[in-house]
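Positions are given from 1, in the same order as the sequence printed here.
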Amino acid sequence: MLKKGFLEGKSFIVQLLALILITLTSALIIMLLSFSFGAMIWGVDFYLGLMGIEKNDIYYYSLFLLFFQHLGFFIIPAIIFIHGFLERPATFWGMDRFVPVLSLMIVFLILIFSQFPIAWLYELNKSITLPSSWAAIEEQFKSWEESAQETINLLSSYPGWEGWFFSFLLIAVLPALSEEIFFRGTLQTWLMRFTKSWVAIVLVAIVFSAFHFDFYGFLPRFVLGLLLGYIYYKTGSLWSTMFFHFLNNGLAFVFKRLYLLDYTNINLEDPSVFTFSWWLTFLFTLVTVILLYFFHQMKHSNEQ
């Protein structure tokens, strides 16, 4: 059993290596446990489903594995890592600070208006072509993207109340909690103790985007990471970024599900929904910048 505070006073390199080791070990152990538990619950059909042979319960297999993925990659490593410091988890993660309603309202507006410049960045990212010598790597990138898209489509289109309830939990609620706890609450908080805040925000945004293994969505997700990192830095509260992350994923899920079930013709994954007019994209980008400036000038609870 690791003693509380085992990382206190240790050097940056030691703490960094500890974080990497904890994350990799946790991810491996939880992944093996998830396969074992899955076999115990569903039997051999679980492995047949993962191989694409048996698809009867593939929806539940996907939910099951996604839950353990977030647990092993984000939540457990964050808990073990902060156990190495002499602080309460709520304090380390910035979850013991109140976020004013006005701050949350501005965060909501930033989320809505920033969709336009983010969509433009997505189109820009999709237009990037790798050298011919990188063809194998590019194919791997495409394979990862297609696999992730298939899983999201499966979760978003599953019929009945399960498709609404369980998919919403796994797509909107769980990532907002687990990813914010790990990336902003743990990684950014820790890095800001060793470097300037803006450096920590940029580094975490890079790691956050790279962690999703989506080359063609790297730029927009990087900018999303910058926004989340900056909001966390200004408010000092993880609740603000969880709110932003939850709304971002939740609204995307609801619209995608409605689209896949033929309740609407609006497909928010099509960048042209936001970039059909250059002047509107420019206007909403300008509004986003103004909102960020106003947010920067506000007096937040952690600054009082």
Check whether any side-chain heavy atom of [X] lies under 4.5 Å from a side-chain heavy atom of [Y], and answer yes or no.
X    : Y    : answer
F243 : F108 : yes
L224 : F222 : no
F168 : F253 : yes

Nearest 0.5 Å, what's the CZ-CG distance between F113 and L111?
11.0 Å
Separation between NZ (K256) and CG (L261), nearest 0.5 Å, reads 11.0 Å
Give a yes or no on whether a salt bridge exists between R193 and E8, defined as a side-chain N under 4.0 angstrom from a carboxylate O.
no
Charged N to carboxylate O under 4.0 angstrom, E145 versus K126?
yes
Plane angle bin for F68 and F64 - parallel if under 30°, tilted between 30 and 60°, otherwise perpendicular
tilted
Tell me, please, whether W164 has R257 positioned over its six-membered ring: NZ or CZ under 6.0 Å from the ring centre and within 45 degrees of its axis?
yes
Would R184 pass as a cation-pi partner of Y233, given that its NZ or CZ must be under 6.0 Å from the six-membered ring centre and within 45 degrees of the axis?
no
Is it the case that W279 and S277 place a side-chain donor and acceptor less than 3.5 Å from each other?
yes
In terms of side-chain heavy atoms, does W93 have a donor or acceptor partner in T189 at a distance below 3.5 Å?
no
